[in-house]
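Numbering of ligands and ligand atoms starts at 1, following listing order. Below, all heavy atoms of this structure are taken into account, side chains as well, without hydrogens, waters or symmetry copies. Start at 1 with the first residue, then count along the sequence.
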Amino acid sequence: MTAQRIFLSPPHMSGTERRLVAEAFDTNWIAPVGPHVDAFEREFAAAVGAPHAAALSSGTAALHIALRLAGVRPGDEVFVSTLTFVASVSPILYLGATPVFLDSDRQSWNMDPVLLADALEARARSGRLPRAVVLVHLYGQSADLAPILAACARHGVPVVEDAAEALGATYHGRAPGTFGHAGIFSFNGNKIITSAGGGMLVSDDEALVAHARKLATQARDPAPHYQHSEIGYNYRLSNVLAAIGRGQLRVLEGRVAARRRNFACYAEALGDLPGLAFMPEAPWGRATRWLTCITIDPAEFGADRDTVLQALEAADIEARPVWKPMHLQPALARYETIGGEVAEDLFTCGLCLPSGSSLGRADLERVVHAIRRVAAPALPRHAIHATEAALLTR
Ligand SMILES: *Cc1c(COP(=O)(O)O)cnc(C)c1O
């Protein structure tokens, strides 16, 4: 029998989801409204410690609405992390605004607070402040919120947090996504929990969240006929998908623990390899290790990132490079970038390893073995056996 393909971050159902979905069918709430949507919003808000939440059709939709409610209009500029997934940027363009990309720091791989503070100072002097900052919390780790919020507050620039990858993380004990003007989360299929597709917008501002719900349902005014004083979107989450999300939310803590265990296992089994390093965990909080990310220094490791990627693919293991920075994307290269070297370097040498919460010990061993084989020429054979033995006893 051949071994099965190992995926990067597959969905991991707990069993409860099926019962909750059946409840949606039994009560015929097969619609973008219903009791599961309301309950999911309440339970999610409680889980992240936000006063208010609106369940939406995707994280991208949530960011689109959050930016619109932050006042972003055609011609405005919006600062955004360059090292991210394209969905952090697309909504800026949907609104006719212009992204300006900011580099990461090496400590967290997220937006560099010093670079941001300097850029805002310079912009304030020339009277060209951005309308908003989209702050991304990458790969399950919070950005350094305190200096970033302070710099933005000094200039009156709202922060919209893209916490799509960071559900379950903490920053000094609190959830990233709950600090800014608004925050967004994603329940896409590969995120730490999934509703098969969906998103959430959270904010302290009750009126903002109510407005988000209205915009997400075609901005219908409270009138007996269909009346619209502004133009909205069809962005509400389905009651069926909210049922899946509720089931997943109940096991979130366990999913974080499982992903952190994957990371610990990789760190123990690969940590001795020269030229291989792990994404650091910043001192300000708990990273979920949504994805375990490594960097490969080809001179020391003896092979480059792409060689490792190919070796994993040959072993039927899905891995992928760290996000290609937005300022290097053909569709976005014409926009201004502040810095960029750190993100470029992380893209060149960074690799995301299989990190699903359902990974078993045998799966992890297969990944470790495939990586060690690429580096193996430099290592004595007994070293390989020693680390594999360590895996077996974990
Ligand atoms: C997944 C993701 C999104 C978008 O979420 P969807 O639910 O897929 O629309 C936005 N930003 C980042 C950083 C993401 O990883």
Could you tell me if [Y] and [X] have a donor-acceptor pair between their side chains, going purely by distance under 3.5 Å?
{"X": "His228", "Y": "Gln218", "result": "no"}
{"X": "Asp345", "Y": "Thr348", "result": "no"}
{"X": "Arg68", "Y": "Tyr233", "result": "yes"}
{"X": "Asn262", "Y": "Ser355", "result": "no"}

When clusters are formed from ILVMFWY side-chain contacts under 4.5 Å, directly or step by step, what else is grouped with Val114? none
Interfacing atoms of ligand 1 (cut-off 4.0 Å, heavy-atom, [X]):
{"X": "Ala87", "result": "3 (C), 4 (C), 10 (C)"}
{"X": "Glu165", "result": "13 (C), 14 (C), 15 (O)"}
{"X": "Gly198", "result": "7 (O)"}
{"X": "Ser186", "result": "1 (C), 5 (O), 6 (P), 7 (O), 8 (O)"}
{"X": "Ala164", "result": "2 (C), 3 (C), 10 (C), 11 (N), 12 (C), 14 (C)"}
{"X": "Asn188", "result": "8 (O)"}
{"X": "Ser88", "result": "11 (N), 13 (C)"}
{"X": "Thr60", "result": "4 (C), 5 (O), 6 (P), 9 (O)"}

Of Lys191, Arg320, Arg259, which meets side-chain hydrogen bond (donor to acceptor under 3.5 Å, both in side chains) against Ser9? Arg259
Within-cut-off N or O pair, Ile184 and ligand 1, under 3.5 Å: no
For [X], is the nearest heavy atom under 4.0 Å from an atom of ligand 1?
{"X": "Gly197", "answer": "no"}
{"X": "Lys191", "answer": "yes"}
{"X": "Gly199", "answer": "no"}

Where does Ser58 meet ligand 1, judged by heavy-atom distances below 4.0 Å: at the side chain, the backbone, both, or neither? both
For atom 11 (N) of ligand 1, what is the nearest protein heavy atom, given as residue, atom name and distance? Asp162 OD2, 2.7 Å
Under 4.0 Å between a Lys/Arg side-chain N and an Asp/Glu carboxylate O for Glu336 and Arg123? yes
Sidechain-backbone polar pair: Asn188 side chain, Ser58 backbone, donor-acceptor under 3.5 Å: no
Ring geometry between Tyr335 and Phe101 (parallel below 30°, tilted from 30 to 60°, perpendicular above 60°): perpendicular
